[in-house]
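Chain identifiers are assigned alphabetically (A, B, ...) following the order of the sequence lines, protein sequences preceding nucleic acid strands; residue numbering begins at 1 within each chain.
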Amino acid sequence: MRSWCNPSGHSDAQRITFFMQTFSLKDTPFQLDLTVSCGQAFRWRQYNGFWYAPVGDKIWKIRQERDLLLYDGPTEKELIRYFGLDIPLDDILTDIDRDPLIHAAIRRCLGLRIIRQDPWECLISYICATCANIPGIMMRIENLSERYGNKIEMDEMTFHTFPDAKRLAEEEMCSIRTCKVGYRDAYICGAAEMAASDANWAEKIAGMPYPEAHEKLMRLNGVGPKVADCVLLFGFEKYEAFPVDVWIERILRTKYLGGTRKLSYKRAGSFAREHFGQYAGYAQEYLFGVREEIGRKGE
DNA sequence: TTCCTACCTGA
DNA sequence: CAGGTAGGA
């Protein structure tokens with residue numbers, strides 16, 4: 001529904017935006033701030049109390065007030081789909097809640113949801129994520145978007161949509177490198193050529209069972225097991241995908257398996273799927289959410 | 001299988 | 001040195 005925000009008693013930020021859509025969460029657990037800032041998606045930024053991001057070819061603007069979402073940009077349907085508000089999170093959390101550590105993580109991050117990202121943007125984002133922290137990843141994606149995406153102005157700010165595969169496939173590698181993506185330039189070009197030459201690549205992967213989809217994505221240069229799992233989890237709704245980064249590996253090794261040797265990627269993943277079940281990917285997100293409290297070096 | 005190193009860039 | 005991957009021992 002479209003509603004008028006009563007200016008009285010509200011922040012300046014709210015007052016300058018007259019029309020916002022609203023969505024009532026009712027009893028659906030959802031924590032917007034955590035969901036957009038936990039490191040799964042890289043384009044959300046906070047200005048004046050609202051989160052903004054280019055999603056598809058529009059700018060989305062949103063904030064949460066208790067069980068109410070105030071938003072502008074998406075339709076209600078798009079909003080629900082993107083944030084997975086149609087997913088029975090309570091059931092999933094009950095399912096993965098199988099030990100004291102994940103139990104604590106669930107309590108702490110309750111309402112964290114896995115976003116349904118665009119597969120193409122997700123693929124490039126995680127190719128850009130190797131050997132980098134979150135700000136570094138955001139910078140690379142921002143650079144690519146500034147250079148090759150479309151400019152959109154909103155609330156006195158400038159945003160850039162993420163370029164599609166065809167657009168990137170036109171570029172020479174030396175041009176991509178000006179976006180400070182470093183050695184990932186060839187990987188990005190390769191992925192762009194693949195996606196531009198097969199408009200149905202994403203549908204094909206979406207239709208495959210997890211192990212096959214994982215194998216298929218790994219054929220791309222620059223896509224190893226970790227990147228493939230991120231793309232499957234955040235871009236393809238494959239909740240068996242369990243991305244294992246240095247944090248998760250350390251948590252699994254020290255808190256779950258009591259080992260000293262580094263876990264192989266395969267071993268870590270199969271342990272997680274056995275232990276947490278079919279929604280292991282959600283368990284990964286919740287553990288990642290508390291990584292700094294439980295997974296510091298030397299613990 | 002497991003281990004090693006180089007790879008861009010910047011914090 | 002880093003939320004990883006490729007390529008070779």
Side-chain angles (χ1 to χ4, degrees), chain A residues 34-44 105 109 112 114-115 117 121-147 168 171-192 194 214-235 241-255 257 259-272 280-299:
Chain A
L34 188 55
T35 297
V36 298
S37 66
C38 70
Q40 57 175 321
F42 303 102
R43 307 222 58 199
W44 289 94
C109 301
L112 170 60
I114 291 179
I115 291 174
Q117 299 185 232
E121 179 171 347
C122 192
L123 173 63
I124 300 304
S125 298
Y126 282 96
I127 284 176
C128 287
T130 66
C131 258
N133 49 25
I134 292 170
I137 303 165
M138 293 176 85
M139 178 211 66
R140 295 190 181 100
I141 298 167
E142 204 56 47
N143 289 345
L144 287 168
S145 303
E146 260 179 46
R147 190 150 161 74
L168 281 194
E171 295 301 324
E172 301 292 334
M173 239 159 59
C174 56
S175 160
I176 299 267
R177 190 163 272 208
T178 64
C179 297
K180 311 217 189 259
V181 295
Y183 60 82
R184 305 160 191 85
D185 57 356
Y187 303 155
I188 295 171
C189 288
M194 178 284 294
H214 192 255
E215 215 171 290
K216 174 87 177 167
L217 276 178
M218 289 228 300
R219 301 220 187 109
L220 289 167
N221 236 304
V223 178
K226 196 279 186 172
V227 170
D229 272 332
C230 288
V231 175
L232 290 175
L233 184 59
F234 302 124
F242 188 88
V244 181
D245 59 26
V246 293
W247 290 96
I248 295 296
E249 189 277 333
R250 197 182 302 141
I251 291 169
L252 253 35
R253 173 165 39 80
T254 62
K255 308 287 181 184
L257 296 166
T260 53
R261 308 186 63 74
K262 189 173 181 339
L263 278 168
S264 77
Y265 196 92
K266 265 210 154 85
R267 228 178 115 46
S270 42
F271 166 77
Y282 257 97
Q284 190 270 6
E285 272 304 274
Y286 276 75
L287 289 175
F288 193 74
V290 295
R291 66 192 177 283
E292 308 207 331
E293 290 148 67
I294 65 173
R296 284 224 172 269
K297 264 188 193 166
E299 282 191 39

Original post:
So, do A:Phe42 and A:Tyr126 have ring centers that fall under 6.0 Å from each other?
Top reply: yes
**OP:** Please tell me which of A:Pro135 and A:Cys131 maps to the more 5' nucleotide of DNA chain B, matching each residue to the nucleotide holding its nearest heavy atom.
**Re:** A:Cys131
Donor-acceptor under 3.5 Å ([X] side chain, [Y] main chain):
{"X": "A:Arg140", "Y": "A:Cys128", "value": "yes"}
{"X": "A:His214", "Y": "A:Pro225", "value": "yes"}
{"X": "A:Glu249", "Y": "A:Lys262", "value": "no"}
{"X": "A:Arg43", "Y": "A:Ile141", "value": "no"}
{"X": "A:Arg177", "Y": "A:Asp185", "value": "no"}
{"X": "A:Gln40", "Y": "A:Thr35", "value": "yes"}

Subject >> Canonical and wobble pairing (Watson-Crick, G-U, under 3.5 Å) of DNA chain B, dot-bracket with | >> reply: .||||||.||.
Of the listed nucleotides [options], the one nearest the side chain of [X]:
{"X": "A:Ser264", "options": "C:dA6, B:dT2, B:dC8", "result": "B:dT2"}
{"X": "A:Tyr183", "options": "B:dC8, B:dT9, B:dT1", "result": "B:dC8"}
{"X": "A:Lys180", "options": "B:dC8, B:dG10, C:dT5", "result": "B:dG10"}
{"X": "A:Arg177", "options": "C:dA6, C:dG4, B:dT9", "result": "B:dT9"}
{"X": "A:Lys266", "options": "B:dC8, C:dT5, B:dT1", "result": "B:dT1"}

Identify whether any heavy atom of [X] sits under 4.0 Å from a base atom; if not, whether one sits that close to sugar-phosphate; answer base, sugar-phosphate or nothing.
{"X": "A:Gly136", "value": "nothing"}
{"X": "A:Asn221", "value": "sugar-phosphate"}
{"X": "A:Leu220", "value": "sugar-phosphate"}
{"X": "A:Phe288", "value": "base"}
{"X": "A:Pro243", "value": "nothing"}

Original post:
Side-chain N or O of A:Arg261 less than 4.0 angstrom from OP1 or OP2 on B:dC3?
Top reply: yes
Original post:
With respect to the phosphate group of B:dC8, does any side-chain polar atom (N or O) of A:Arg184 fall under 4.0 Å of OP1 or OP2?
Top reply: no
Original post:
Pick the nucleotide of DNA chain C nearest each of A:Ile137 and A:Met218; which residue has the one closer to the 5' end?
Top reply: A:Ile137
Once you round it to whole Å, what is the distance between [atom2] of [N] and [atom1] of [X]?
{"X": "A:Tyr126", "N": "C:dT5", "atom1": "OH", "atom2": "C1'", "answer": "17 Å"}
{"X": "A:Ile248", "N": "C:dG4", "atom1": "CD1", "atom2": "P", "answer": "11 Å"}
{"X": "A:Asp185", "N": "B:dC7", "atom1": "CG", "atom2": "C1'", "answer": "10 Å"}
{"X": "A:Arg140", "N": "C:dA2", "atom1": "CZ", "atom2": "P", "answer": "15 Å"}
{"X": "A:Glu142", "N": "B:dG10", "atom1": "CD", "atom2": "C1'", "answer": "17 Å"}
{"X": "A:Met138", "N": "B:dA11", "atom1": "CE", "atom2": "C1'", "answer": "16 Å"}
{"X": "A:Met139", "N": "B:dT9", "atom1": "CE", "atom2": "C1'", "answer": "7 Å"}
{"X": "A:Ile188", "N": "C:dT5", "atom1": "CD1", "atom2": "C1'", "answer": "14 Å"}

Subject >> Residue A:Glu215 excluded, over 12 heavy atoms near CD under 6.0 Å >> reply: no
Original post:
Quantified in whole Å, what is the P atom distance between nucleotide C:dG8 and nucleotide B:dC8?
Top reply: 16 Å
